[in-house]
Every structure is written in C-alpha cells, then in structure tokens.
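The next block holds one structure in the form of structure tokens; read it before the comments.
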Amino acid sequence: MKKIPTLLILSFCLLLTFSSRASAVVIIANTADDVCAPTADPCQIVDEVQVQDFATLDFGTREILLTGGGQLNFGFAQADLLAGNITLSPSNGAAINLKDSFFGDTVGGFVAIVARRACSGDAARPCTSDFECAALGVGACSAGPAGTFTLNGRLAGNANEPGSITIFSTGTLTIAGNINISGDTPDSDGGIVELDSSQGSVLLNNPITATSGTQSTGGEVIIAAALDITTNAVIDVSSPGGDSEGGVIEFDAGRDLHVNDDLLANGGADFGGSILGGAGRDLLIQGGTSSNAQRIEVDGGSNSFNEAGDAGDIEFSALNDIVIGPNARLDGRGAAPDGDGSFGLTLDASRDVIISGRLDARAVGGDGFGGNIDVAASGAISVTPSGLLDARGGSGGAGIIDLTSGGPMNFQGTISGTANNQGDGAFVSLDSSAEARISGAIDVSGTPTSTKNGEIAVTACQVVIATGGSLVANGGRGENILTGRERITVEAGATLNALGGIGSVNTIRYRDPNKPPTLLGTISPAPSLSLAILIGCPVCGNGEVEQTESCDDGNLVNGDQCSAECQDEGCVAETPGFPGVSLCNDGVGCTLDTCNAATHSCEHVFSCDDGIACTNDLCVGEQCQNTPDDSLCSDGNVCTDDICSGTTGCQFVSVPGPCDDGESCTINDQCSGGFCSGDAQNCMICGDGVLDNGELCDHNGNNGVTGDNCGTDCTFSTCGDPNGTAIVTASDALFILQAAVGAASCDVCLCDVLQSGGAAITASDAAAALRFSVGVPITLNCPPCQP
Amino acid sequence: MTPTQVCFSALGRSMWAVLIVTSFVAFSSSAGAAGGCGDDINGARVACSCGDAVVSDVRLRPGDPVVLGRCKGDGLILRARPGGESLRLDLAGLSLVGEGRGTGIRVLNGGKGGAVIVGGKPGEVAEIAGFTTGIKAHGSERIKEVSRVVLKANKRDGLRVYGSPGAIISDITTTSNGRDGMRVRSHGAQIHSVDARGNAKAGVNVSGENARVQASVADNKGSGILARGRGHDLSGIELGEGQKADVTVRPAK
C-alpha cells in the first residue's frame with residue numbers, strides 16, 4: 001500500500017481540529033463563531049460543545065437555543081457565555097456538564113452564563129443593567145431581547161472539587177432542570193450556584209443540590225432577583241455527617257420571596273449551615289402538607305465519635321410581611337449530646353409577622369444550650385394556635401426567645417423553653433407597643449434544683465392574659481413579670497405559675513394607681529404588685545391624639561367623625577381591611593398615605609425618597625425603586641472613584657492614574673491615596689514674582705526697572721548701578737541725585753553708595769558715583785541687597 | 001474512534017508530527033485564553049482583568065485592567081490548581097471597584113493552607129468597594145490571612161469567611177456596607193486591629209467557636225459585635241457610639 005505522506009495526514013488532522021462543524025459529535029469552542037455562524041440568530045446548538053478553558057463565547061444579544069443532542073461542556077477552568085435569550089432544552093436531559101478530569105480527579109469549572117438585553121440608545125450594546133448603559137450615555141438597558149435564561153435540562157457538576165456556575169439574566173430566570181454540583185469524596189466541599197436576574201424574577205422548579213463530603217463544607221446557593229423569587233423545589237447544601245459544616249443558602253428578592261419547598265443546610269459535627277433570606281416586600285414560607293412538613297433546616301449533626309455539632313443560622317427579613325405557614329418547620333437544632341441550638345433564628349419584618357408553623361432552636365441532647373429565637377415586627381405579631389417556638393436546652397440551659405412588635409401582639413401558640421439535666425429555663429420576652437394578648441401556653445420551667453431558672457416577661461400598653469393562656473416558670477427560681485403601661489388583665493381561666501423554690505415570683509408592674517390590674521385568673525404564688533414609672537400609652541377619649549390614634553374628640557362615641565377607637569371615620573371608610581392594614585394604606589408602595597383630620601379623607605402623596613441623596617427614586621410597578629446614581633457623587637477629583645451606595649450614600653475610593661496637581665513646578669503628577677501630587681522640579685521662572693530655586697530676587701514686572709535692585713536675570717544689580725547696565729555711568733549718578741531729592745525711587749543697595757547714615761541716599765552718594773564713573777579710585781559700598 | 005483519534009492513529013510512529021499537532025492544538029486552545037492571571041504564568045506576567053482567575057502569586061500594578069474602571073461582576077477569583085501551593089494576592093495599595101454585583105475577591109481555592117490576601121506592603125492599604133460582597137471565602141482552608149484592606153460600600157457584607165479554621169483577619173477597615181461589616185464563621189478565627197463603622201447591621205458578626213476578636217466598632221445599625229457560639233475571646237473590643245447594641249453574645253449565660 002502506498003504510504004500516505006505524513007504531511008498530508010498532519011494537514012488533514014489540523015483541518016479536522018479546527019473545523020467548527022466538521023464533527024457531528026463535539027464542537028471545540030473558543031469563540032462564538034466556533035459554535036454558530038456570526039449572523040445566526042437564534043444560534044441553534046444541536047451538538048455537544050466543548051468550551052475551551054478561559055474561552056469567552058460572546059453572542060452579543062443573539063438568542064441561543066440548545067435542543068436535540070445539544071450539550072455544553074465546560075472544563076475545569078474558567079469560561080464565559082454571553083448572549084441574549086438563552087434556552088437549554090436538550091432531548092437527552094443533559095444540558096450542561098461542568099466538570100473535567102485533571103490528574104485523575106474530577107474538577108468543576110468556573111462558569112458564568114449571562115443573558116442580556118441591549119441599551120436603548122445603542123442596540124448594538126449588550127447590557128444587564130441600566131448602570132452599564134447610563135455610564136456610556138446610551139440610555140437604559142431596555143431594548144432588544146428580554147434577556148431570559150431557561151434551563152430545561154440537567155446541569156451536572158458534582159466532582160472531587162466541584163466548581164461554580166453563575167447565571168446572570170436580565171429578564172426571567174427559570175430553572176426547570178436538576179442542578180447537581182456536589183462534592184463526591186469525603187473532603188470535597190459543595191459547589192457554588194449563583195442565580196441572578198437583574199430586572200426580572202427567578203423561578204426554581206427543580207432541585208439544586210450542592211452538598212459536600214463528610215469531612216467538608218456544604219456548598220453555596222445564592223439567588224437574587226429584582227422582582228420575585230419562587231422556589232418550588234428543594235435546595236440542599238448539607239453535609240451528610242462526620243466532621244462537616246452545612247453550607248449557605250441566600251436569597252435577595254427585590255419584591256416577594258416565596259419559599260414553597262425544603263431548604264436544607266444541615267451540618268455534621270461542626271456546624272449547621274446558614275439560610276439567609278431578604279424580601280423587598282413579602283416573605284412567604286408556606287409549603288408542605290400536614291403529613292409532609294416543609295423543612296427549613298440548619299441542624300447540627302454528629303460523627304462516629306459521638307461529637308455533636310451546633311446548629312447554624314436562619315435569618316429572614318422583609319420590608320412588608322413575613323408569613324410562616326402551618327406546615328413549615330424552621331429548625332436549627334443542636335445535635336446530641338452537647339450541640340447547641342441555633343443562636344440566630346431571626347425573623348424581622350417592617351410590617352407584620354404571622355407564625356403558624358414551628359421555629360425550633362433547641363438542643364436535642366442533654367448537655368447543649370438552647371438557642372435564640374428573635375421575632376421583630378414594626379406592625380403586628382400573630383402566633384396562631386399551631387405556632388410553636390422551641391428553645392429547650394439541656395445542662396447548658398434553655399435559650400432566649402424575644403418577640404417585639406410595634407403593633408398588637410396576639411399569641412395563641414406554644415413556647416417551649418424548659419431545660420433538663422440541671423439546666424435553667426429560658427428567658428422569654430413578649431414586648432408590644434400596643435396590646436399583647438396571650439391565650440397560648442408558655443413554659444420556661446427549669447430543673448427544680450437549679451438556682452436561676454426561667455423568666456417570662458410580658459410588656460405592653462395593654463397586657464391581657466386571656467382565658468386559656470398559661471405562663472409557667474416553675475423550677476428552682478422562676479419568674480413571671482407582667483408590665484402594663486396602661487392596663488393589665490388576667491382573665492378568668494388564665495394561669496400564672498411560678499412554683500418552685502425560694503425566689504420564684506409572679507410580679508405585676510403598672511403605671512396608674514387609678515387603674516390597678518384586673519386579676520381574675522389563677523396566679524400561684526400570689527403576685528407581687530408594684531407601681532412603676534412607665535411611659536404612658538395612647539388613651540382614647542382623653543382629647544389628645546397619641547401614637548396610633550388618628551383623632552381624639554374626647555369621647556368614646558361612634559358616628560361623630562371620630563370613632564370610639566379614636567380613628568377618623570372618613571379615613572377608615574376609605575381603607576378596606578382596616579385595622580388589618582394601616583389607616584389609608586392604598587396598597588401602592590410608592591405613596592405616603594396619611595389621614596387628613598380636617599377633611600376626614602385619605603391623602604396619597606408620591607414618595608419614594610429613601611433619604612439617600614445620590615439615588616434616583618422612582619415608582620416602578622407600584623413599588624419604589626431607588627437606583628444608585630454615581631454621577632450624583634462626583635467630587636471633581638480624578639483621584640477618586642465616586643460610588644453611590646444605596647444604603648450609605650456617596651463613597652469615595654482612591655484610584656491610581658495620572659493627574660494634574662496644578663503646580664507648575666512639579667512633574668509626573670500621579671494619584672495616590674485619593675490625592676494628586678508630583679515630583680518637585682527646578683522650575684526657575686524669572687519674572688513671575690516667586691523666588692524660585694536659583695533666583696536671588698524676583699520682583700515680577702519690576703525686574704530690571706531702574707532703581708529696582710533686581711535685574712532681568714533675577715540677580716541683584718551692582719552697587720552704584722541703578723540702571724542695571726553692569727557698569728556705573730554718569731546716568732547712574734544722575735539717577736542717584738534724582739533719588740536723593742525725592743524725584744525717583746531707588747533701592748538703597750544700589751544708590752546708598754557711601755552708607756553715610758541719616759538720609760539713606762544723598763547728593764554725596766550721587767557725587768561719589770559720578771567720580772567712580774570717570775575712574776576716580778574710590779570704593780562704592782552699598783548695603784546688601786534684600787530679595 | 002473519533003475522527004481525531006483516527007488522525008493520530010494514522011500518523012503512526014511519526015512522533016514529530018504528533019508533537020506538532022499537539023502543540024498546535026494546545027496553542028489554539030489557549031489562543032482565546034484571557035482569564036488566568038498572575039506574576040508567573042509559564043514564566044511571564046499576565047496582568048489581571050475583572051473576573052480573572054488568579055492562578056499564581058500576584059502583586060497588582062497600577063496599569064492592570066482590574067484596577068482601572070469598574071468591574072461589572074467579580075473582581076478577582078483566587079483559584080489555585082488542585083493540590084497547589086497557597087496563593088498570595090498583593091493588592092499593592094490599589095482599589096477594586098464594582099458596579100454593585102459580584103464579589104470583589106472570591107476565593108474558590110486558596111491552595112494548601114489557604115490564600116494570603118494583603119492590601120500591600122506595610123503602609124499600603126487597598127480598597128475593595130462597590131461589590132455585592134467585598135471578600136468571600138466559603139469552604140475548608142480557603143483563607144489563611146487577610147490584612148491591610150478597606151472594605152467599603154459593598155451591597156451586603158464587607159467580608160464573609162465561612163470555614164477556614166484559624167484564619168487571620170487583621171488591619172481591616174470595614175465601613176458603610178449594606179449588611180455586616182464582617183461575617184466570620186469558623187473555628188479559632190483571629191480577628192484583630194479591625195475597625196468596623198457605619199455598617200447596616202453588625203460591625204463584626206462572628207460565630208463558631210474560640211474566635212479572638214480585637215476590634216473598634218461604632219455607628220453600626222445592628223450590634224457592634226455579634227458573637228454567637230462558645231469560647232470567644234472578646235477582651236479587645238473598643239466601643240463607640242451610635243449602635244443598636246454594643247455587644248450581643250449568645251449564649252448570654
């Protein structure tokens with residue numbers, strides 16, 4: 001057989017390697033053109049694409065459709081994919097493969113996928129935010145495609161060393177395929193998944209798994225959206241056991257956060273993980289069923305040596321309401337034997353909190369500390385009958401439970417704050433600026449032989465322990481404390497027990513001796529009553545409009561434009577849902593709603609002012625949008641980068657680079673530490689009036705003027721030579737005579753040639769200069785010149 | 001066999017041709033490479049740009065693209081090779097500035113023992129501002145040391161370190177961040193010479209066990225120091241005014 005020349009084979013192999021579509025199996029991609037023709041829109045991917053290390057596939061704002069057998073493979077290094085709308089819908093289920101082999105281990109890649117729009121002022125300019133376009137003066141990021149990302153297939157990235165995938169979209173981001181980016185050896189951490197929609201919402205319909213090995217740390221899942229985040233599937237960043245830590249799940253929703261399925265960040269013998277969630281409007285955790293509870297967990301675990309882990313943190317905050325549904329379980333439990341419950345189980349709402357589910361921060365074993373549960377609302381707090389708050393502990397003692405509301409508090413649920421194994425009971429505080437009504441059960445009993453034990457403190461304007469309500473602080477030295485700034489009522493059928501050792505007490509503190517507490521329930525032991533100096537509460541009918549009142553006409557009668565509850569009846573009529581919503585609340589986030597007491601009607605004034613001078617405050621979709629605008633921070637200093645922080649206003653960051661410090665005698669001016677400075681140089685400029693290096697004098701425009709001691713070269717003129725000609729002549733003698741009689745001005749270092757004292761310049765000086773000029777051997781001796 | 005494998009088979013024992021093809025393919029693979037940076041990338045310095053992976057030790061220079069202008073996403077990503085030595089990032093007193101997204105310095109793999117991030121030589125202090133998080137390290141042994149850095153005006157935390165037992169965090173100013181100035185969850189973290197001011201929540205939020213904290217805190221809207229867990233040493237705290245609470249310790253008893 002004729003031997004095929006090596007060069008021919010080599011050429012064919014090279015052609016094959018670089019042919020973008022010659023292979024129906026794998027496309028090697030360094031650029032977008034390797035995948036599709038430059039004008040293909042949409043770019044249809046039906047083959048497997050191997051994206052090279054550090055490649056950037058930039059499709060501009062073209063659409064990507066991955067269908068059929070298409071798949072994106074990313075190696076272990078970094079790669080970026082940027083396009084307009086991106087939809088990945090493979091027929092075989094595998095959309096993205098995020099790992100490669102490296103020296104026998106599998107290692108995940110670090111990949112960013114960005115779905116973009118275009119600037120309104122330049123359709124050829126892709127963008128993901130208005131800031132990018134504004135910075136270039138080309139409008140807003142509002143043109144071209146919607147910038148959506150949809151994953152309908154599977155993303156596989158679990159590896160020895162899992163990587164990271166970041167998906168930025170401008171529009172809606174939808175995950176409808178499983179994402180698995182977990183560690184698959186004992187010392188593998190979980191991977192990182194970031195989903196971010198800069199103008200739209202994120203919808204999670206399939207699970208995300210970023211768990212770790214048994215000796216490592218669970219992964220990170222971070223989801224942010226300008227609008228809503230909705231999770232309809234499980235997110236799991238747990239560590240399965242051993243000496244491991246749970247991972248982090250974090251949400252940042254510009255509008256509503258809907259958590260409809262499990263969030264798992266359990267740990268091993270180290271710590272449970274962290275679940276952090278923030279919503280610009282409402283935060284709703286309402287998944288699960290009565291037989292299959294919704295699990296939000298940051299529990300500690302244990303290892304084979306029976307070492308126990310502490311629980312992690314759960315922190316949720318909302319600018320409107322937080323609602324915990326009846327089948328939701330927020331669990332931060334410490335493992336047996338001595339793991340501590342979560343010290344950070346926190347709900348913080350700017351309006352109302354409604355708890356129908358369970359918040360559990362207990363220490364499961366006999367030796368741990370119970371954890372801390374903090375619930376704060378500027379509005380009302382409601383714990384329904386199914387609501388349970390649990391901070392039980394072991395020998396370390398039970399934990400701390402704080403409920404604080406600016407509005408009414410209605411507690412119908414259960415608080416468990418007992419301790420066993422010699423531990424103290426919990427400290428429970430219920431504090432309302434309005435009425436606190438307790439019809440549920442609170443128990444902070446500790447071990448009878450313990451010396452401190454638990455405490456229940458209820459503080460409000462109106463304290464009502466309603467029928468069925470039960471406060472129990474039994475144990476060694478328990479205490480129930482009721483503090484009412486206006487009124488205290490313990491209804492018949494309510495119970496206060498502090499039955500234990502010496503020091504167990506029921507204490508009732510009230511402000512007005514004319515309004516003593518009404519005590520009809522069972523209080524054991526008998527309460528200690530005391531008057532206390534306390535801040536008063538709004539009193540309807542006293543003629544003073546106080547705190548939450550909108551009117552007070554001095555009576556408690558309806559139908560006279562001010563109701564018996566001291567609310568303006570006209571404004572109430574315009575507020576459907578009042579008092580469940582605040583008076584005049586029109587449901588529009590951009591308006592400041594007030595009740596005009598003169599017209600008895602509501603007024604709605606546009607107000608999105610966040611108090612930060614450098615943000616552009618707009619009402620978009622009935623919600624305030626406060627967008628940082630760096631141009632409002634300009635300080636005119638090229639040595640700083642001027643940033644508008646949406647929370648703290650203008651900030652200035654030093655930057656390097658050339659500048660001009662305004663000094664003519666410096667060179668190489670550079671920015672340093674936010675200031676401009678240069679290197680000093682010898683820049684003698686004679687005649688500028690500045691005594692520079694190398695000059696003896698500089699009298700600006702007078703240099704070289706007859707009688708001025710400074711010559712045109714910024715050196716002193718000679719004694720006897722006021723004309724500055726370097727020789728003494730008869731003209732100089734004449735000028736000196738003129739100076740002697742006051743007809744001219746002459747510096748003494750030029751004209752007082754005899755230093756004769758008295759009148760500095762005399763006719764004798766003129767005569768001496770004249771004799772010198774004609775060669776008479778005399779000495780001219782002037783005083784020294786001064787600059 | 002794939003067509004490429006057929007090619008190599010056909011070349012037979014012609015090793016020179018194989019070498020040519022291999023090196024050509026390798027070159028073309030890296031021809032589009034623009035993401036790995038450091039002072040020693042195959043013997044040469046590759047300047048860092050926004051979003052680059054730092055794969056070797058690096059001391060930034062004023063002309064590096066990453067310190068000129070703003071980063072749309074991440075600033076720098078530290079990513080040592082699997083099994084590689086600890087990476088050292090020297091910011092040379094320069095600034096990384098973001099557009100409100102991403103992480104200023106994200107540590108994916110700091111190398112053996114964790115990465116060392118310094119703001120510069122003694123006397124030099126770097127700034128990291130305007131990102132979602134200033135510095136973030138999540139996982140085992142990501143960070144060994146962070147020092148001489150100002151973390152300013154980041155949308156959430158100035159610094160967040162989860163894991164990295166014994167991490168040293170020193171000579172840090174963290175101010176005007178949108179959540180915690182610093183959030184550390186670790187065993188035995190050493191946090192000293194920290195100035196945490198004007199943050200939207202806690203100045204220094206430390207959890208885990210046996211952390212040692214020496215910090216000055218003032219004007220933070222949450223607690224100046226929020227310490228959760230056991231065995232923390234808070235003896236080096238200086239308290240300023242303007243905070244919701246000076247020091248919050250859990251468990252309190």
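Here is the naming used below: chain letters follow the sequence lines, and residue numbers restart at 1 for every chain.
If you take CZ on B/Arg230 and CG on A/Asp338, they are separated by 6.0 Å, rounding to the nearest 0.5 Å. Here the straight-line distance linking atom OG1 of A/Thr217 with atom CZ of B/Arg142 works out to 7.5 Å at 0.5 Å rounding. Summarising the geometry, atom OG belonging to A/Ser164 is positioned 12.5 Å from atom CG belonging to B/Asn109; distances are rounded to the nearest 0.5 Å. Here the straight-line distance linking atom CG of B/Asn177 with atom CD of A/Gln651 works out to 8.5 Å at 0.5 Å rounding. The CD1 atom of A/Ile643 lies 7.5 Å from the NZ atom of B/Lys152; values are rounded to the nearest 0.5 Å. Atom OG of A/Ser216 is separated from atom CD of B/Glu141 by 9.5 Å, given to the nearest 0.5 angstrom.
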**OP:** Apply side-chain contact (heavy atoms from CB on, under 4.5 Å) to A/Val655 and B/Val67, showing your working.
**Re:** CA-CA 8 Å; A/Val655 293; B/Val67 299; over 6 Å; no
Subject >> Stepwise side-chain contact (heavy atoms from CB on, under 4.5 Å) test for A/Glu250 and B/Arg160 >> reply: CA-CA 13 Å; A/Glu250 186 167 353; B/Arg160 186 162 96 185; 2.6 Å; yes
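A cation-pi contact, defined as under 6.0 Å to the ring centre and within 45° of the axis, is absent between B/Arg79 and A/Phe110.
Looking at A/Asp313 and B/Arg228, a side-chain N of the basic residue comes within less than 4.0 Å of a carboxylate O on the acidic one, giving a salt bridge. Checked for salt-bridge contact, A/Glu161 and B/Arg81 miss the test: no charged N lies under 4.0 Å from a carboxylate O. In this structure, A/Asp630 pairs ionically with B/Arg70, as a charged nitrogen and a carboxylate oxygen lie closer than 4.0 Å. Salt-bridge check for B/Arg106 with A/Glu220: failed, with every basic side-chain N at 4.0 Å or more from each acidic carboxylate O. Between A/Glu194 and B/Arg101, no side-chain nitrogen of the basic residue sits less than 4.0 Å from a carboxylate oxygen of the acidic one, so the salt-bridge criterion is not met.
For B/Ser186, the part sitting under 4.5 Å from any heavy atom of chain A is the backbone (N, CA, C, O) and nothing else. If you measure heavy-atom distances from A/Asp187 to chain B, you find no contacts under 4.5 Å at all. Residue A/Leu276 touches chain B through its side chain alone, counting heavy-atom pairs closer than 4.5 Å. The contact between A/Thr128 and chain B is made by backbone and side chain atoms together, counting heavy-atom distances below 4.5 Å. For A/Gln50, no part lies under 4.5 angstrom from a heavy atom of chain B. Proximity to chain B is absent for every atom of A/Val114, based on heavy atoms less than 4.5 angstrom apart. Interface remark: A/Ser198 contributes backbone and side-chain atoms alike to the contact with chain B (heavy atom separation under 4.5 Å). Only the side chain of B/Ile77 comes within contact range of chain A, with at least one heavy atom under 4.5 Å from a heavy atom of that chain.
Within the 4.5 Å cutoff, side-chain heavy atoms of A/Asp252 are placed close to those of B/Arg156.
With chain B as the partner, the residue from A/Asp310, A/Ile192, A/Asp196 showing the most heavy-atom pairs under 4.5 Å is A/Asp196. The most heavy-atom pairs under 4.5 Å with chain B, out of A/Gly163, A/Gly273, A/Gly371, A/Ala224, come from A/Gly273.
Listed for the A/Gln78 side chain is a donor-acceptor partner under 3.5 Å among the backbone atoms of B/Ala53. In this structure a side-chain-to-backbone donor-acceptor pair under 3.5 Å is present from B/Ser95 to A/Ser654.
The shortest non-hydrogen separation linking B/Gly69 to A/Asp641 is O-OD2, 4.4 Å.
Counted by atom type alone, B/Tyr162 and A/Ser274 present one or more donor-acceptor pairs between their side chains at under 3.5 Å. Remark: the A/Asp189 side chain and the B/His138 side chain contain no N/O donor-acceptor pair separated by less than 3.5 Å.
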